[in-house]
2 protein chains.
Amino acid sequence: MKPINLKKLAQELNLSVATVSRALNDRYDISQPTKDRVRALANKLNYEPNPYASSLRRQKSKTIGVVIPEVANHFFSLAINGIEEVARGNNYHVLIYLTHEDYQRELAMARLLASGRVDGVLLSVASESEDFGHLEFLRERGIPIVFFDRVYDEMPTAKVTTDDFESGYKATEHLLEAGCRHIAHLTVSQNLSIGRGRKEGYIQALADHNIVFDESLVLVSAQETKAQEIARIQQLLATRPEVDGIFASVESQATNSYEACRNLGRSIPGDIKIIGFSNLEIASLLQPALTTITQPAYSIGKEAAKILFQAISKNRVISPAQSLVLKSELVVRASTLGS
Amino acid sequence: MKPINLKKLAQELNLSVATVSRALNDRYDISQPTKDRVRALANKLNYEPNPYASSLRRQKSKTIGVVIPEVANHFFSLAINGIEEVARGNNYHVLIYLTHEDYQRELAMARLLASGRVDGVLLSVASESEDFGHLEFLRERGIPIVFFDRVYDEMPTAKVTTDDFESGYKATEHLLEAGCRHIAHLTVSQNLSIGRGRKEGYIQALADHNIVFDESLVLVSAQETKAQEIARIQQLLATRPEVDGIFASVESQATNSYEACRNLGRSIPGDIKIIGFSNLEIASLLQPALTTITQPAYSIGKEAAKILFQAISKNRVISPAQSLVLKSELVVRASTLGS
DNA sequence: CTGAAAGCGCTAACAA
DNA sequence: TTGTTAGCGCTTTCAG
């Protein structure tokens, strides 16, 4: 019932606490017989060292924090998978924090993490965040940060992202080649690097195909309910009947577009072609199968974590030069079938 | 750069460390002016208390552990959402551990959690687990556990589940009423309560409709790759051409069945009707729309966490009587359209 | 090779 | 109302 500690082991073995500690940590200056004796008893009694005592003493928490907007989302849950994998490999623990895209929460979490609770942070910024003082603060406190996917560009640390501009370009070009001439762009907050990058790719592709960019065809997600988001898409489609293509910058907007089209009786890909950033495993089972730009979410999490652990273990500051840009993949399916 | 601690605050204010600590904890025996002075400086210097020192002293970690099979799964990510919500409301932190359905990992994690790292655990057991000594061990160490969805029945603690038997019954009955006579049941390890419960519901429904239960129509998932799972389903369908309905006990098996049917050229719901346990938001966008049994995943997480925090805050042992059985919902869509 | 002692940062008795 | 002291469980000098 009561947790067992070094003192108890030491008493039982007629050794000092220090020796027991060293034996369990496999220090060179302890004799093999003693180590064996200590380990045997520790095993027998199922001794588990108190992590907080150890953290306090060593000034190392063996824990990282992961701050993400949400978890009920394929991209982030795959990323967590990658992160957890690396963390476990390093005998680290993972604290998870969800901002729900709320700047205030992100700020509060950053403060909490500045206390020594974690040895490092992996973060994907909330769409509401415009000020980043809280993240600077974390850094000033000596907590290494690696950003993934949604980054705060100005901070001189590593960022693991995907080729947003190129992907936005490719997606748009794909629609153009499929015959679209009036492409709506559903995007996220332009505070976010991913939102900006993808949109710029979209604009550039239009320009390269001599299509005038029309700002009124850009719909920025407003963090509303699903029903509201769908309603906004329907409104856009209703007022702009010439729209023949939709480029959705995030997964939910692609599926919301499906619903909007269905509600309006527009056929996909006949009337409107749709492409979306998505990590949905079952994109191919949709009606019709959804053409996607798929990000290597698992790898993003994994690589970001690797960079962080390198910094933690070597006790070195992270350089922006360690940043990684992974490639997203265009997977063509029925929703953009050429006319 | 260097973390600031109570000592530094105390020096700066010409107070004792104890007084500063009490002021920050808003103790009644500190004068208002002192409290104000202390808080002002703490704010100015962005003081954050060292959580591990505090944990060590108070023997409370303000942290819970969540152990689940995987996160890239709608059910679990929604549950985490609910858990995180409640944890944040209680000013608690959430450590996350993924077993990947591996018993060895679950065992290792249980050991780690027995060290005082967490004040309580929320757990959904791995399908491989047959022995539960590691969980008993946790409990013996005084760590309260609440199970959710996949429970270890024998342990006298609270469990938050859904009405698996009834849902399995309803799902099967729905297929029978749609005209199916040869219903395959794709399920998970029968070590799992959810696997057993749903299957028993299936068997009972068959019996009540005078259909002989045929064990060879039951396919137990073997934790393989997606391609392998699909292949196994195809094999079943090929060798048993009379199968006209599939009841999938977990989400992945439903979508895998779609792929299997597509590969074999079987039409849904014409040749084969499919119903599946699923928390897919976009079940209605599938081709054809998937009839589902949908579990209240978010609520499950939330309620399980609530029970845990009640126990933690009142320092009371959790009683099995606090268990909750939530209702799943049958949502009829095109994949089971009557013939 | 092992032990004694100090101390990580905080909180809680006990004094004053 | 505040200070002094001890100690949570562990690691790490420093001695021997």
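Throughout, a chain's letter reflects where its sequence line sits, starting with A, and its residues are numbered from 1. Small disclaimer: the values here were computed from a predicted structure and weren't measured.
Separating the CG atom of A/Leu13 from the C1' atom of C/dT2 is a distance of 13 Å, rounded to the nearest angstrom. Counting to the nearest Å, the C1' atom of C/dC1 and the CG atom of A/Asp26 are 15 Å from each other. Here the C1' atom of nucleotide C/dG9 and the CG atom of B/Leu24 are 13 Å apart, to the nearest Å. The separation between A/Asp36 atom CG and C/dT2 atom P is 11 Å, rounded to whole Å. Per the geometry, CG belonging to B/Leu9 stands 15 Å off C1' belonging to C/dT11, to the nearest Å.
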Would you give a per-nucleotide map of nucleotides 8-16 of chain D, 5' to 3', where B means the base has a protein non-hydrogen atom under 4.0 Å away, S means only the sugar-phosphate does, and - means neither? BBBBBB---
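A/Asn315 places no side-chain N or O within 3.5 Å of a backbone atom of A/Ala311 that could act as its donor or acceptor partner.
Remark: A/Arg139 does not engage A/Glu136 in a salt bridge, criterion side-chain N to carboxylate O under 4.0 Å. A salt bridge does not link A/Lys62 with A/Asp119: none of the charged nitrogens is closer than 4.0 Å to a carboxylate oxygen. Between A/Arg111 and B/Glu48 there is a salt bridge, since a side-chain N of the basic residue sits under 4.0 Å from a carboxylate O of the acidic one.
There is no side-chain donor-acceptor pair under 3.5 Å between A/Glu84 and B/Tyr97.
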Check the pair B/Glu85, B/Asn81 against side-chain hydrogen bond (donor to acceptor under 3.5 Å, both in side chains), reporting the backbone distance first and the verdict last. CA-CA 6 Å; B/Glu85 193 73 17; B/Asn81 229 319; over 6 Å; no
